[in-house]
Amino acid sequence: MNDIAIPERLVRSEYLGSSDAAAILGLSKWKTPLDVWRAKVFPDAVEDEAPADRSKILRRGKLMEPVIRQMAIDDYGLTLYATNRRHEDEDYPWMRAEVDFETLDEGGAVVNNECKSVSPFAASQWGDEDTDEVPIEYHAQVQFALMVTGAQVERCDVWALFGSDKLVRYRIYRDEETIAGMRARCVEFWHEHVLAKRAPAPVTLDDVEFLMGRKRGRPVIANPDQVDLVMQYRDAKHQIKQLEERAEELKLAIVGHLLAGAGDDLSEQDAAILLDGAGKPLLTWKPQSSSRIDVAALRKARPEVADEFTTISTSRVLRLAKV
């Protein structure tokens, strides 16, 4: 009899991990507390796949982890103790952390180690070597892992690989005050939200969209503060419309200038370039090709194909009432 593979989302629904803790604290750019809650309470309704940009980062990090680990061992003469060990909190087994690898220091004490593959675009978020100046989300993840592995582990070395060959070490020491606050927040979240199945407060429009999908629509009487918010929203929308119209006017004036200066020999494939007084490009105006499916024609010619690949999504649209 073949073993049935359990989807990762179902496994992760049974515990809080390091990245969950960062999101619960509001420090993650990828997940909100409500995202974590949904993954724990409704794992069957949450897709395994992360957003495309996040998925690429996770895949790159996983592929580069053994490379970064070996570079750290070779370049810094580390004594390897364990790799990818999973730990459970002594008091709360639903708090778990997987440490990329563990080493032994000169005195034989265990040191946590985390591997990070850093995009050149994110390099400015990192400080000097041997400091603790790492992105705050990673700082939270490291402190969570130090909490779970126990007081006997005093430090985590974060190995950041910039590009393909620049490896930089960062040192983060155990912070009992941070750990105590994080522990309290995680325990509260697990008991007050996950076990009680009560959603945390929304912090993004996507959060609100999800929560509204679980409620029945009904009229709500606005108080004066809420009326003021609607008026501000109406004014902001009006300003956006005015700016868009102004942008179109400016665009027309610019391309008109380019057209006048192009002469008679500008082909469909040529790019018109606007230069400043020093000869440096200010902008270009050039052809760009795009392709799209003619849905109406496809539905008429091959309705069965159109039906097979048609998906229906529902979203709420906020519309202002006419004054």
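It should be emphasised that the depicted structure is a prediction, and the values quoted were computed from it without experimental measurement. Nothing fancy with the numbering, it's 1 onward along the sequence.
- Put simply, CZ on Arg302 and CZ on Phe309 are 10.5 Å apart, with the number rounded to the nearest 0.5 Å.
- Comment: Arg169 does not engage Asp75 in a salt bridge, judged by the lack of any side-chain N to carboxylate O separation of less than 4.0 angstrom.
- Under the 3.5 Å distance criterion, the side-chain polar atoms of Asp89 are left unmatched by any main-chain donor or acceptor of Pro93.
- Between Lys241 and Glu244 there is no salt bridge, since none of the side-chain N atoms of the basic residue sits less than 4.0 Å from a carboxylate O of the acidic one.
- For the atom pair Glu249 CD and Ile254 CD1, the distance stands at 12.0 Å (nearest 0.5 Å).
- Between Glu88 and Arg86, none of the side-chain N atoms (NZ, or NE/NH1/NH2) sits under 4.0 Å from a carboxylate O, so this pair counts as no salt bridge.
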Please walk me through it: do Asn113 and Val99 pass side-chain contact (heavy atoms from CB on, under 4.5 Å)? CA-CA 7 Å; Asn113 292 262; Val99 180; 5.5 Å; no
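- Between the side chain of Gln152 and the backbone N or O of Thr149, at least one donor-acceptor pair lies under 3.5 Å.
- The cluster map of Ile, Leu, Val, Met, Phe, Trp and Tyr, joined by side-chain heavy atoms under 4.5 Å apart, puts Leu258 and Leu250 in different clusters.
- Trp94 and Val187 get closest at one heavy-atom pair: CH2-CA, 3.7 Å.
- Classification of Arg96 and Glu98 as a salt-bridged pair fails, no side-chain N sitting under 4.0 Å from a carboxylate O.
- The backbone N or O of Cys156 sits nowhere less than 3.5 Å from a side-chain atom of Arg174 that would complete a donor-acceptor pair.
- Looking at Glu102 and Arg85, a side-chain N of the basic residue comes within less than 4.0 Å of a carboxylate O on the acidic one, giving a salt bridge.
- No continuous path of hydrophobic side-chain contacts links Leu211 to Leu205 [ILVMFWY only; heavy atoms under 4.5 Å].
- Within the 3.5 Å criterion, the main-chain N or O of Asn223 finds a donor-acceptor partner in the side chain of Gln226.
- Considering every non-hydrogen atom in both Leu298 and Ala306, the closest pair reads CG-CB, 4.2 Å.
- Nearest heavy-atom pair across Asp307 and Arg299 is OD1-NH1, 2.8 Å.
- Judged by distance alone, the side chain of Asp35 and the main-chain N or O of Thr32 form a donor-acceptor pair under 3.5 Å.
- To the nearest 0.5 Å, atoms CD (Gln70) and CD (Glu65) are separated by 12.5 Å.
- Across Ile273 and Leu275, no two heavy atoms sit closer than the pair CG2-CD2, 3.5 Å.
- Between the CZ atom in Arg155 and the CG atom in Asp132 there is a gap of 13.0 Å [rounded to 0.5 Å].
- In this structure a side-chain-to-backbone donor-acceptor pair under 3.5 Å is missing from Glu114 to Asp157.
- A ring pair (Phe, Tyr, Trp, His ring centres under 6.0 Å) with Tyr138 holds for exactly one of Trp126, Phe144, Tyr170; it is Trp126.
- Note on Ile24 and Phe210: same hydrophobic cluster, where clusters join Ile, Leu, Val, Met, Phe, Trp and Tyr whose side-chain heavy atoms are under 4.5 Å apart, directly or indirectly.
- In terms of modelled atom types and a separation under 3.5 Å, the side chain of Asp207 and the main chain of Val203 share a donor-acceptor contact.
- Side-chain atoms of Asp20 come within 3.5 Å of backbone N or O of Gly17 as a donor-acceptor pair.
- Both tests hold for Lys40 against Tyr15: distance to the six-membered ring centre under 6.0 Å, angle to the ring axis within 45°.
- By the rule that hydrophobic residues join a cluster once side-chain heavy atoms approach within less than 4.5 Å of another member, Leu195 and Leu16 end up as members of one cluster.
- Of all heavy-atom pairs spanning Ile172 and Val142, the tightest one is CG2-CG1, 3.8 Å.
- Atom-to-atom distance recorded for His87:NE2 and Leu146:CG is 10.5 Å, nearest 0.5 angstrom.
- Around atom CZ of Phe162, more than 12 heavy atoms belonging to other residues, nucleotides or ligands sit under 6.0 Å away.
- The environment of CG in Leu283 is crowded: more than 12 heavy-atom neighbours from other residues, nucleotides or ligands sit within 6.0 Å.
- Legend: residues meeting salt bridge (Lys or Arg N to Asp or Glu O under 4.0 Å) with Glu133, ordered by chain and number and at least two apart, are absent.
- Phe101 and Tyr76 fall within the same hydrophobic cluster, where Ile, Leu, Val, Met, Phe, Trp and Tyr residues are linked whenever their side-chain heavy atoms come under 4.5 Å apart, directly or through other members.
- When all heavy atoms of Arg69 and Asp100 are compared, the closest pair comes out as NH1-O, 4.4 Å.
- Taking the six-membered ring where the residue is Trp, the centroids of Trp37 and Phe42 are separated by under 6.0 Å.
- Annotation: the span from Thr103 atom OG1 to Asn112 atom CG amounts to 8.5 Å, rounded to 0.5 Å.
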